[in-house]
Amino acid sequence: MDEREFRRSGQHASVIGLGTWQLGADWGDVDAKDAEAVLEAAAESGVTFFDTADVYGDGRSEETIATFLSTRPDLHVLIATKMGRRVEQIPENYVLDNFRAWNDRSRRNLGVDRVDLVQLHCPPTRVYSSDEVFDALDTLVAEERIAAYGVSVETCAQALTAIARPHVASVQIILNPFRMKPLREVLPAAREAGVGIIARVPLASGLLAGKYMKNTVFAADDHRTFNRHGEAFDQGETFSGVDYASGVEAAAEFAALAPEGYTPAQTALRWIVQQPGVTTVIPGARSPEQARANAAAAKLPPLPEETLAAIDELYERRIKDQVENRW
Ligand SMILES: NC(=O)c1ccc[n+]([C@@H]2O[C@H](COP(=O)([O-])OP(=O)(O)OC[C@H]3O[C@@H](n4cnc5c(N)ncnc54)[C@H](OP(=O)(O)O)[C@@H]3O)[C@@H](O)[C@H]2O)c1
């Protein structure tokens with residue numbers, strides 16, 4: 001699969017990576033065997049970038065990746081983890097001593113001396129303006145605990161503040177056909193600065209696959225049941241912040257725009273891959289079939305102009321007003 005460079009760190013990632021929140025928790029039951037099969041399917045399909053976090057299954061996602069990679073020394077996969085959300089979300093917790101402790105735990109879970117890429121995991125807004133925070137991250141690099149660092153953000157404004165920091169290698173942000181504001185507000189600045197963009201929630205939590213109905217029931221321990229209105233964490237992380245019932249209707253329209261030979265999910269991934277400034281896209285997968293189908297989107301030809309125009313029109317008509325004033 002084609003790889004793209006994080007220009008500030010010189011690291012590379014496959015254009016389609018893998019999100020591994022599903023391998024930890026919050027998506028109903030994904031057992032250890034299924035989790036390993038997802039990693040195997042992604043790696044065999046050419047995926048060389050896994051996104052995880054210390055909080056996914058409270059470390060289970062990181063450990064699952066470590067176990068898998070220990071059996072496959074032939075693979076070269078860039079591992080991006082995240083830190084910061086195992087404690088109360090106050091800026092005072094974002095200090096060097098905590099960073100070291102969080103990093104020690106991730107290094108143990110991942111079975112590595114140095115983490116390839118660590119991202120602050122959607123910290124409070126004030127954290128982005130703190131020189132001490134970024135000095136502390138530089139210290140982690142100097143101590144060879146991490147090779148590079150980035151941030152995972154909720155809003156375009158947070159992304160722009162982070163991009164202005166000289167050593168931020170990557171910004172992870174929600175970007176998909178139902179979340180277009182970063183195209184105008186973030187991607188041009190990231191390109192200019194050489195900051196990599198990791199596009200998350202690319203399928204709007206599965207909505208863009210066009211397979212859910214208004215009466216679809218998700219498991220009780222799936223965030224698509226318990227976080228629809230932001231009850232547990234930012235509402236934007238669930239269905240990309242789109243109201244479920246109107247999202248299902250818009251997703252049906254989106255599915256009808258998929259060109260022949262593309263599934264709706266592949267249409268969404270292909271749309272993201274071809275946006276200038278995107279480094280990698282990280283769909284989550286709950287089965288090996290999903291992981292393989294998602295990776296296959298990297299080889300599909302670019303979407304034709306008329307499809308792009310129709311996706312824009314759908315966004316303007318049905319989605320924009322729901323999301324743009326918030327994220
Ligand atoms: N704050 C943060 O930093 C943050 C927040 C959210 C996510 N992330 C990262 O971003 C990754 C991706 O986001 P996400 O997992 O939340 O959302 P997503 O990738 O938009 O959606 C994942 C869901 O889409 C469905 N799906 C995946 N591949 C499919 C296919 N080929 N065909 C049909 N359906 C498919 C599955 O739903 P079913 O389960 O219904 O099959 C899957 O659970 C996460 O895994 C995580 O690594 C980071």
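What's counted below: heavy atoms across the whole structure, side chains too, no hydrogens, waters or symmetry copies.
Side chains of Glu62 and Thr81: a donor on one and an acceptor on the other come within 3.5 Å. Counted by atom type alone, Gln158 and Thr125 present one or more donor-acceptor pairs between their side chains at under 3.5 Å.
Annotation: Arg228, atom CZ; neighbour count of heavy atoms from other residues, nucleotides and ligands within 6.0 Å is above 12. Around atom CD of Glu92, more than 12 heavy atoms belonging to other residues, nucleotides or ligands sit under 6.0 Å away. Heavy-atom contacts from other residues, nucleotides or ligands closer than 6.0 Å to CG of Asp113 number 12 or fewer. Around atom CZ of Arg318, more than 12 heavy atoms belonging to other residues, nucleotides or ligands sit under 6.0 Å away.
Across Ala80 and Gln119, no two heavy atoms sit closer than the pair CB-NE2, 3.5 Å. Heavy atoms only, all atoms of each residue included: Glu185 and Cys156 are closest at OE1-CB, 3.8 Å. Pro304 and Pro259 make their closest contact through CD-CG, 4.3 Å (heavy atoms, listed as atom of the first residue, atom of the second, distance). The nearest pair of heavy atoms linking Thr216 to Met213 is OG1-N, 2.7 Å. Across every non-hydrogen atom of Ser45 and Ala295, the tightest pair is CB-CB, 3.4 Å.
Here Trp102 pairs with Tyr94, Phe99 under the ring-ring contact (aromatic ring centres under 6.0 Å, His included) rule; sequence neighbours left out.
Note that the CD1 atom of Ile197 and the CZ atom of Arg4 stand 12.0 Å from one another [nearest 0.5 Å].
Judged by distance alone, the side chain of Gln266 and the main-chain N or O of Tyr262 form no donor-acceptor pair under 3.5 Å. Not one N or O on the side chain of Ser240 forms a donor-acceptor pair closer than 3.5 Å with the backbone of Gly236. Of the possible polar contacts, one joining the Thr161 side chain to the Ala157 backbone as a donor-acceptor pair under 3.5 Å is found. The backbone N or O of Gln11 sits less than 3.5 Å from a side-chain atom of Ser9, completing a donor-acceptor pair. Under a 3.5 Å cut-off, the side chain of Thr48 and the backbone N or O of Ser14 do form a donor-acceptor pair. Proximity of a side-chain donor or acceptor of Asp116 to a complementary backbone N or O of Leu78 within less than 3.5 Å is not detected. Under a 3.5 Å cut-off, the side chain of Glu44 and the backbone N or O of Glu40 do not form any donor-acceptor pair. Put simply, the side chain of Arg179 never gets that close to the backbone of Trp327: no donor and acceptor are under 3.5 Å apart. The main-chain N or O of Thr20 is found under 3.5 Å from a side-chain atom of Ser61 such that the two form a donor-acceptor pair.
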Check: residues 217-225 side-chain donor-acceptor pairs under 3.5 Å, at least two apart:
| unit_1 | atom_1 | unit_2 | atom_2 | d |
| --- | --- | --- | --- | --- |
| Asp222 | OD1 | Arg224 | N | 2.9 |
| Asp222 | OD1 | Arg224 | NE | 3.0 |
| Asp222 | OD2 | Arg224 | NE | 3.3 |
| Asp222 | OD2 | Arg224 | NH2 | 2.8 |
| His223 | ND1 | Thr238 | OG1 | 2.8 |
| Arg224 | NH1 | Ser205 | O | 3.0 |
| Arg224 | NH1 | Tyr212 | OH | 2.7 |
| Thr225 | OG1 | Phe218 | O | 3.0 |
| Thr225 | OG1 | Ala219 | O | 2.8 |

task: Verify side chain to side chain contact (heavy atoms under 4.5 Å, CB included) between Val153 and Tyr128, making sure each step is shown before the conclusion.
output: CA-CA 10 Å; Val153 304; Tyr128 297 97; 3.4 Å; yes
message: As a quick check of understanding, evaluate side chain to side chain donor-acceptor pair (under 3.5 Å) for Ser246 and Gln322, giving each step before the final call.
response: CA-CA 10 Å; Ser246 64; Gln322 287 194 46; 3.0 Å; yes
query: How far apart are the C-alpha atoms of Thr64 and Glu36, what are their side-chain angles, what is the distance that settles it, and do they pass the side chain to side chain donor-acceptor pair (under 3.5 Å) test?
result: CA-CA 7 Å; Thr64 303; Glu36 199 191 313; over 6 Å; no
- prompt: Does the side chain to side chain contact (heavy atoms under 4.5 Å, CB included) test come out yes or no for Lys320 and Lys181, once each step is laid out?
  reply: CA-CA 9 Å; Lys320 185 177 177 180; Lys181 190 169 156 189; over 6 Å; no
task: Please step through side chain to side chain donor-acceptor pair (under 3.5 Å) for the pair Arg200 and Ser152, ending with a clear verdict.
output: CA-CA 9 Å; Arg200 78 164 180 274; Ser152 183; 2.9 Å; yes
- prompt: Can Val186 and Leu175 be said to form a side chain to side chain contact (heavy atoms under 4.5 Å, CB included), step by step?
  reply: CA-CA 10 Å; Val186 177; Leu175 176 68; over 6 Å; no
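In this structure the side chain of Val278 never reaches within 4.5 angstrom of the side chain of Val273, judged on heavy atoms. At least one side-chain heavy atom of Tyr315 sits under 4.5 Å from a side-chain heavy atom of Val323. The shortest distance between side-chain heavy atoms of Asp51 and Lys82 falls below 4.5 Å. No side-chain heavy atom of Arg85 sits under 4.5 Å from any side-chain heavy atom of Tyr56. Side chains of Leu140 and Tyr149 form no contact here, defined as non-hydrogen atoms less than 4.5 Å apart. Proximity of Phe49 to Val15: side-chain heavy atoms (C-beta onward) are nowhere separated by under 4.5 Å. Using a 4.5 Å cut-off on side-chain heavy atoms (C-beta onward), Ser106 and Met83 make no contact. The shortest distance between side-chain heavy atoms of Val115 and Ile79 does not fall below 4.5 Å.
Sorted by first and then second residue, the pairs that involve residues 157-166 and meet salt bridge (Lys or Arg N to Asp or Glu O under 4.0 Å), not counting sequence neighbours, are Asp131-Arg165.
A salt bridge links Glu143 with Arg145: at least one charged nitrogen is closer than 4.0 Å to a carboxylate oxygen.
Each of Val151, Leu120, Asn93 was checked for a side-chain contact (heavy atoms from CB on, under 4.5 Å) with Val127, and the lone residue meeting it is Leu120.
The aromatic ring centroids of Trp21 and Phe233 lie less than 6.0 Å from each other.
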